[in-house]
Amino acid sequence: MASAAQIVALFDAGADPDEALLDRVFFALSDPVRRAILQRLGDEALLVSELAAPFDISLQAVSRHIQVLVRAGLVQQQRTGRISRCSLLAGPIFAVAVWINRYSKYWQEQFDILAAMLEEDSEPRRRKRRAAGRTTKTGRQV
């Protein structure tokens, strides 16, 4: 699990998170049940039984999903006797976001090209509208 200091160091140095962290986080995020669990934990810490409630799977299956999230460093599980409370740890998501962000220049270039094409396409239309909207002093269209 990446600590906050490690994540800040990654961000500051522009370095990549280690491959094992990326693998664990991407694997954890690859399942829709695990993504839904993370989304529910975004607001507050919840009991495992509370996390399992909306899913049509067994409590044991939800517990296995939670363990994948724990191994990825995305969830912290605190046990008090038989009661287990889970909370979100967003640090690894931030580390992955830093890694993904290095590719933003590629899609930003595509957005820039699209914006230029749209601007180019809309320019003749603006000229037509301006020309269509011109009138003489007598009120006739030019």
Side-chain angles (χ1 to χ4, degrees), residues 1-136 139-142:
M1 176 170 27
S3 71
Q6 290 170 320
I7 292 164
V8 169
L10 283 171
F11 187 71
D12 289 343
D16 291 334
D18 72 39
E19 293 293 318
L21 172 66
L22 288 172
D23 291 345
R24 287 189 311 268
V25 173
F26 281 125
F27 176 74
L29 296 175
S30 70
D31 187 276
V33 171
R34 291 191 288 265
R35 290 192 305 271
I37 289 170
L38 289 177
Q39 189 171 3
R40 296 196 66 222
L41 288 174
D43 298 329
E44 61 183 323
L46 296 170
L47 301 175
V48 172
S49 58
E50 293 171 321
L51 285 170
F55 301 109
D56 193 24
I57 57 176
S58 69
L59 186 60
Q60 184 178 9
V62 171
S63 291
R64 278 187 251 142
H65 282 296
I66 291 169
Q67 288 312 306
V68 171
L69 294 168
V70 168
R71 283 192 298 276
L74 297 168
V75 169
Q76 180 177 26
Q77 200 170 19
Q78 299 167 329
R79 295 181 190 268
T80 307
R82 294 182 64 195
I83 297 173
S84 181
R85 184 172 296 279
C86 299
S87 55
L88 176 69
L89 297 172
I93 294 173
F94 180 74
V96 170
V98 168
W99 181 83
I100 288 173
N101 192 48
R102 74 183 205 191
Y103 296 99
S104 67
K105 65 182 177 187
Y106 300 111
W107 66 74
Q108 187 58 52
E109 287 173 7
Q110 296 302 312
F111 288 141
D112 293 344
I113 291 168
L114 178 61
M117 289 174 62
L118 291 172
E119 182 65 30
E120 209 173 90
D121 186 50
S122 66
E123 187 57 36
R125 290 183 190 159
R126 274 192 232 135
R127 279 192 221 123
K128 284 181 185 175
R129 276 189 295 218
R130 276 189 235 130
R134 291 185 193 149
T135 57
T136 63
R140 293 186 313 193
Q141 270 204 293
V142 179

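Keep in mind that this is a model prediction, so the values were computed, not measured. Count residues from 1 along the sequence.
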Extract all donor-acceptor atom pairs below 3.5 Å that involve side chains of residues 37-55 and protein atoms in other chains or at least two apart in sequence.
| residue | atom | partner | partner atom | Å |
| --- | --- | --- | --- | --- |
| Arg40 | NH1 | Glu50 | O | 2.7 |
| Arg40 | NH1 | Leu51 | O | 3.3 |
| Glu50 | OE1 | Leu47 | N | 2.7 |

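In this structure, Arg85 CZ and Gln78 CD are separated by 8.5 Å, a value rounded to the nearest 0.5 Å. Within the model, atoms CG of Asp23 and CG of Asp18 stand 8.5 Å from one another, a figure rounded to the nearest 0.5 Å. Atom-to-atom distance recorded for Phe26:CZ and Trp99:CH2 is 5.0 Å, nearest 0.5 angstrom. Distance check: Leu88 CG to Ile93 CD1 gives 5.5 Å after rounding to the nearest 0.5 Å. Within the model, atoms CD of Glu109 and OG of Ser104 stand 9.5 Å from one another, a figure rounded to the nearest 0.5 Å.
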Pair Leu114-Gln110, side chain to side chain contact (heavy atoms under 4.5 Å, CB included): steps then yes or no: CA-CA 6 Å; Leu114 178 61; Gln110 296 302 312; over 6 Å; no
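With Val75 as reference, Val70 is the one residue of Val70, Leu89, Val68 to meet the side chain to side chain contact (heavy atoms under 4.5 Å, CB included) rule.
Not a single donor-acceptor pair under 3.5 Å links the side chain of Arg34 to the backbone N or O of Leu29. A donor-acceptor distance shorter than 3.5 angstrom exists from the side chain of Ser58 to the backbone of Ala61, with no hydrogens or angles considered.
A pairwise comparison of heavy atoms in Pro92 and Val25 identifies CB-CG2, 3.7 Å as the closest pair. Summarising the geometry of Ala72 relative to Arg24, their closest heavy-atom pair is CB-O, 3.6 Å, with the distance given to 0.1 Å. When all heavy atoms of Gln77 and Cys86 are compared, the pair lying nearest together is CG-SG, 3.9 Å.
Within a 6.0 Å sphere centred on CD of Gln60, other residues, nucleotides and ligands contribute 12 heavy atoms or fewer.
A cation-pi arrangement, defined by a distance under 6.0 Å to the six-membered ring centre and an angle within 45 degrees of its axis, is absent between Arg71 and Phe27.
A search for side chain to side chain donor-acceptor pair (under 3.5 Å) contacts involving Gln76 returns nothing, not counting sequence neighbours.
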